[in-house]
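Read through the structure below, which is laid out as structure tokens, and then see the notes.
In what follows, chains are A, B, ... by sequence order, proteins preceding strands, each numbered from 1.
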Amino acid sequence: MSELHSHLRTRIVAAAGGLPLDVVAGLVLQPAKDPAFGDVALQCFALAKHRGQPPQQVASALAAALTPDAVLESATATGPFVNFRFRRAALAEHVVGGILHDRAPYGPMPPTGQCIVVDFSSPNIAKPFHMGHLRSTVIGAALCRLHRHLGATVHGINHLGDWGAQFGKLMTAFLRYGSDAELERDPMRHMFEVYVRYGKEAKADPGLDAESAEHYRRLESGEDNLERRLWKRLRDLSLKAFEGPYRRLGVTFDHVTGESFYEDKMAGALARVREAGILEESEGAEVVRLESLGIKEPCILRKSDDTSIYATRDLAAIFYRSATFRFDRALYVVGSEQKLHFRQLVGVLKRMGVPEAERIEHIDFGLILAKNAETGKWEKFATRGGNAIFLDEVLDEAVANVRRIIAEKNPDLEDRDAVAEQVGVSAIVFNDLKNSRIKDVKFDWEAMLNFEGESGPYVQYAVARLAGILRKADAEVRGAEGVDFAHLADAERVLLPLLEFGPALQRAAAQSEPSVLTGLMITIAGEIHAYLRDHHVLGAEPAVRRSRLALVAAARKVLKTGLGILGVAAPDRM
RNA sequence: GCGCCCGUAGCUCAGCUGGAGAGAGCACCGGAUUUCUAAUCCGGCGGUCGCAGGUUCGAGUCCUGCCGGGCGCGCCA
């Protein structure tokens, strides 16, 4: 809550007089529905209930009691609402001054002592980095940066899919259809090709799966055998190949500990479950039954062929991370198709009675759907079917599109290639973070490459325009010193969304929902675009020009900060 | 079949713990540039909030049923 809001709250509580704590907590200030009403509004329903009076009456009494002061310009009752208007100078000074002085929430918040672990991206090795991996990667990276900004200690972990029965299959595939030369030439494509071929041939020949199971068993034996050496080679090649996409996306991890990292920790995890007395034998496998928690499907922790399964590794990871980081929250940015898996994991922890059960959160998200050209319907990408779209292809296409636009609109731009890369890549990132994460993303080339309206380039363009103005004002001071904020009385449409930056960050964090921030960025960009049309900066008289420059600097800074949290670059020229 | 999620304008989506005439972008139509980047701005067109009940002073938001779509449902991850 901003100082403006807390000042207002204090006055409201004082004016209302002698309220119980729960009623005070229920006094929520919200942005006014319409700027014509005021800046912020208080709804009087809860207060009216407490008083036993009609809301309208409570509202008018409250409005009458709240006389203007240095911050508050007016309080007016409109039906059951009281609408407040801040003094323009106070609003501008708080917002613009706060931003230019890097005060929280515009600058980083002080450390909270909270520790958050974010498990994200986690691609399966030996498969190309495709669009399906993008969501977890960009949402997870955004949440990491968001929580850091809010003062938490964050551990971003890439829980690579580098272990499991799938590698038995990959080995069978490579040993049967692969070639060393091809593997060296284009490792990811080759691994993908032999894997796809395996998928087809295994349908006709069940013997392949038996062969694969044996490879996996030998891999898990712990011996330094053919399987282990091959696995290591495929893993190294994959890690190398993943560096590309991560670099382009600007994503980094604090820990790259894939599933294989827990190879020697699974036995201990399993032992803890057994000691808790909840591990049962069932059909040759070892499972934890979860019916008592309303989950019909038991959680399998040891398969009947005595090999491990991903639940075992996830459990081992939870114990390891808990002991190592002592996390308060562990966020798993994983697609919603794994919902049951995480419910089961938490279920096992609950039955064990360990506190980690309350600290695990599955941050689920929808799939990326492709439009079927023939039927016009939206369908899931099928990795094995071969219609998977590689991330690099998408990024390249976006960058090429930006290059075309630059050639047309700003042909003299310096560093054209670098800017095109930044704008193109971040258009894709922004597009992914734009919608509620739970909804499926419809992968639509046309929409994604349209940089008009609600898009990354739209926001970036605002930054570039603002930067251009500041550049031309060059020698002038850009801090808040000596600014007469009364001159920004006409900037309320920009100032009010800027005031929402803090609440938006809080809400984005509380809901693990980057789209809250994306939406605010679009709003701020839109308002500043509109403001610049009717309010010239450089041509204004000196005192006004000085104030508007401060506003321009502030808006640019907030956009840059917000985009930075989202993982979107904000070049000063484009 | 069972469980979970989604269903708001032609398309893609917002709508913050239920609260002030249901908003935006795209598309379409019409305007704005002697001046700070027109990747912009301004205006217009466009909605039985899937359907039917219910709770409430008040429901796009909560509950129940139905319809449509998606995902999941024991040894893949």
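Note on A:Val287: a base of the nucleic acid sits closer than 4.0 angstrom, heavy atoms only. Nucleic acid contact for A:Ala447: none, since no nucleic acid atom lies under 4.0 Å from a heavy atom of the residue. A:Arg404 comes within contact range of no nucleotide atom at all, as no heavy-atom separation falls under 4.0 Å. Within the nucleic acid shown, A:Asp572 comes within 4.0 Å of at least one base atom, counting heavy atoms only. If you check every strand for non-hydrogen atoms under 4.0 Å, A:Ile309 touches sugar and phosphate atoms only. Note on A:Thr523: nothing from the nucleic acid sits closer than 4.0 angstrom, heavy atoms only. Contacts of A:Gly79 with the nucleic acid, taken as non-hydrogen atoms under 4.0 Å apart, are absent. A:Glu283 comes within 4.0 angstrom of a base, heavy atoms only. Nucleic acid contact for A:Ile522: none, since no nucleic acid atom lies under 4.0 Å from a heavy atom of the residue. Among the heavy atoms of the strands, none lies under 4.0 Å from A:His159.
Dashed line: the shortest gap from a side-chain N or O of A:Lys434 to OP1 or OP2 of B:A14 is not under 4.0 Å. Put simply, A:Ser515 has no side-chain N or O that comes within less than 4.0 Å of OP1 or OP2 on B:A14. The side chain of A:Lys439 contributes an N or O atom lying less than 4.0 Å from OP1 or OP2 of B:G7.
On the P atoms, B:A9 is 12 Å away from B:A14, given to the nearest whole Å. If you take atom P in B:C16 and the same atom in B:C62, they sit 10 Å apart, rounded to whole Å. Taking atom C1' on both nucleotides, B:U56 is separated from B:G1 by 36 Å, rounded to a whole Å. Taking atom C1' in both B:C29 and B:U55, one finds a spacing of 45 Å when rounded to whole Å. Nucleotides B:G23 and B:C49, compared at atom P, are 14 Å apart to the nearest Å. Across B:A59 and B:A27, the matching P atoms stand 37 Å from one another, rounded to whole Å. A gap of 23 Å separates the C1' atoms of B:G44 and B:A39, to the nearest Å.
Here B:G72 presents its P atom at 11 Å from OH of A:Tyr310, a figure rounded to the nearest Å. What separates CD of A:Glu337 from C1' of B:A77 is a distance of 9 Å, to the nearest Å. Atoms NE2 (A:His341) and P (B:C73) sit 12 Å apart, rounded to a whole Å. Between the C1' atom of B:C13 and the CD1 atom of A:Ile438 lies a distance of 15 Å, rounded to the nearest Å. As a whole-Å value, the separation of A:Asn431 CG from B:G25 P is 17 Å. Summarising the geometry, the separation between CG on A:Leu340 and P on B:G74 is reported as 9 Å, rounded to the nearest angstrom. Going from atom CZ of A:Phe430 over to atom C1' of B:C13 covers 13 Å, rounded to whole Å. Put simply, CD on A:Glu446 is 12 Å from P on B:U12, counting in whole angstrom units.
Aromatic ring centroids of A:His159 and A:Tyr262 lie under 6.0 Å apart.
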Please evaluate residues A:Phe37 and A:Phe81 with respect to the criterion ring pair (Phe, Tyr, Trp, His ring centres under 6.0 Å), reporting the C-alpha separation (whole Å), side-chain torsions for both, the decisive distance (0.1 Å), and the verdict.
CA-CA 10 Å; A:Phe37 287 131; A:Phe81 294 85; 7.8 Å; no
Test log, rule salt bridge (Lys or Arg N to Asp or Glu O under 4.0 Å), inputs A:Asp572 and A:Arg556
CA-CA 9 Å; A:Asp572 280 337; A:Arg556 171 176 166 275; 3.1 Å; yes
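Of the candidate nucleotides B:C13, B:A77, B:C26, B:C26 has the atom lying nearest to any side-chain atom of A:Asn450. Side chain of A:Arg343, nearest nucleotide from B:A24, B:C36, B:G3: B:G3.
Glycosidic conformation at B:G21 (O4'-C1'-N9-C4 for purines, O4'-C1'-N1-C2 for pyrimidines): syn, within 90° of 0.
The heavy-atom pair separating A:Leu566 from A:Val429 by the smallest distance is O-CG1, 3.9 Å. A pairwise comparison of heavy atoms in A:Ser212 and A:Thr172 identifies OG-OG1, 2.8 Å as the closest pair.
In this structure, A:Leu62 CG and A:Cys44 SG are separated by 5.5 Å, a value rounded to the nearest 0.5 Å.
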Could you provide the dot-bracket string of RNA chain B, using ( ) for intrastrand pairs, [ ] for crossing pairs and | for bases paired to another strand, with Watson-Crick or G-U pairs below 3.5 Å?
(((((((..((((.....[...)))).(((((.......))))).....(((((..]....))))))))))))....
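Summary of the strand contacts: A:Val516 and A:Glu286 both lie near RNA chain B, and taking for each the nucleotide with the nearest heavy atom, the more 5' one is attributed to A:Val516. Of the two residues contacting RNA chain B, namely A:Asn124 and A:Lys296, the nearest-nucleotide position lying further toward the 5' end is that of A:Lys296.
A salt bridge does not link A:Arg313 to A:Asp162: none of the charged side-chain nitrogens sits closer than 4.0 Å to a carboxylate oxygen.
The only option from A:Glu280, A:Glu281, A:Glu286 that meets the salt bridge (Lys or Arg N to Asp or Glu O under 4.0 Å) definition with A:Arg274 turns out to be A:Glu286. Among A:Asp39, A:Thr78, A:Asp34, the single residue meeting the side-chain hydrogen bond (donor to acceptor under 3.5 Å, both in side chains) criterion with A:Asn83 is A:Thr78.
If you check the side chains of A:Glu361 and A:Ser512, you find no donor sitting under 3.5 Å from an acceptor. Side chain to side chain, A:Ser308 and A:Glu220 meet the donor-acceptor criterion of an N or O pair below 3.5 Å.
Ring geometry, A:His341 versus A:Tyr310: the interplanar angle falls from 30° to 60°, so the pair is classed tilted. Ring-plane geometry between A:Tyr531 and A:His535 is classed as parallel, the angle between the planes falling under 30 degrees on a 0 to 90 degree scale with a further cut at 60. A parallel orientation is assigned to the rings of A:Tyr198 and A:Tyr195, their planes being inclined by less than 30° (bins at 30° and 60°). Between A:Tyr332 and A:Phe342, the ring-plane angle classifies as tilted under the 30° and 60° cut-offs.
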Between the protein and nucleotides 16-20 of chain B, which nitrogen or oxygen pairs are less than 3.5 angstrom apart?
from  : atom 1 : to       : atom 2 : distance (Å)
B:C16 : O4'    : A:Arg507 : NH1    : 3.3
B:C16 : O2     : A:Arg507 : NE     : 3.2
B:G19 : N7     : A:Gln43  : OE1    : 3.1
B:A20 : OP2    : A:Lys33  : NZ     : 3.3
B:A20 : N6     : A:Asn83  : OD1    : 2.7
B:A20 : N1     : A:Asn83  : OD1    : 2.9
B:A20 : N1     : A:Asn83  : ND2    : 2.8

Identify the pairs formed between an N or O of the protein and an N or O of nucleotides 39-42 of chain B at a distance under 3.5 Å, and give each distance.
from  : atom 1 : to       : atom 2 : distance (Å)
B:A39 : OP1    : A:Tyr461 : OH     : 3.2
B:A39 : OP2    : A:Lys409 : NZ     : 2.5
B:U40 : OP1    : A:Gly453 : N      : 3.0
B:U40 : O2'    : A:Arg465 : NH1    : 3.2
B:U40 : O2'    : A:His529 : ND1    : 3.4
B:C41 : OP1    : A:Tyr458 : OH     : 2.5
B:C41 : O2'    : A:Arg533 : NE     : 3.3

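With hydrogens and angles left out, the side chain of A:Ser336 and the base of B:G72 share no donor-acceptor pair within 3.5 Å.
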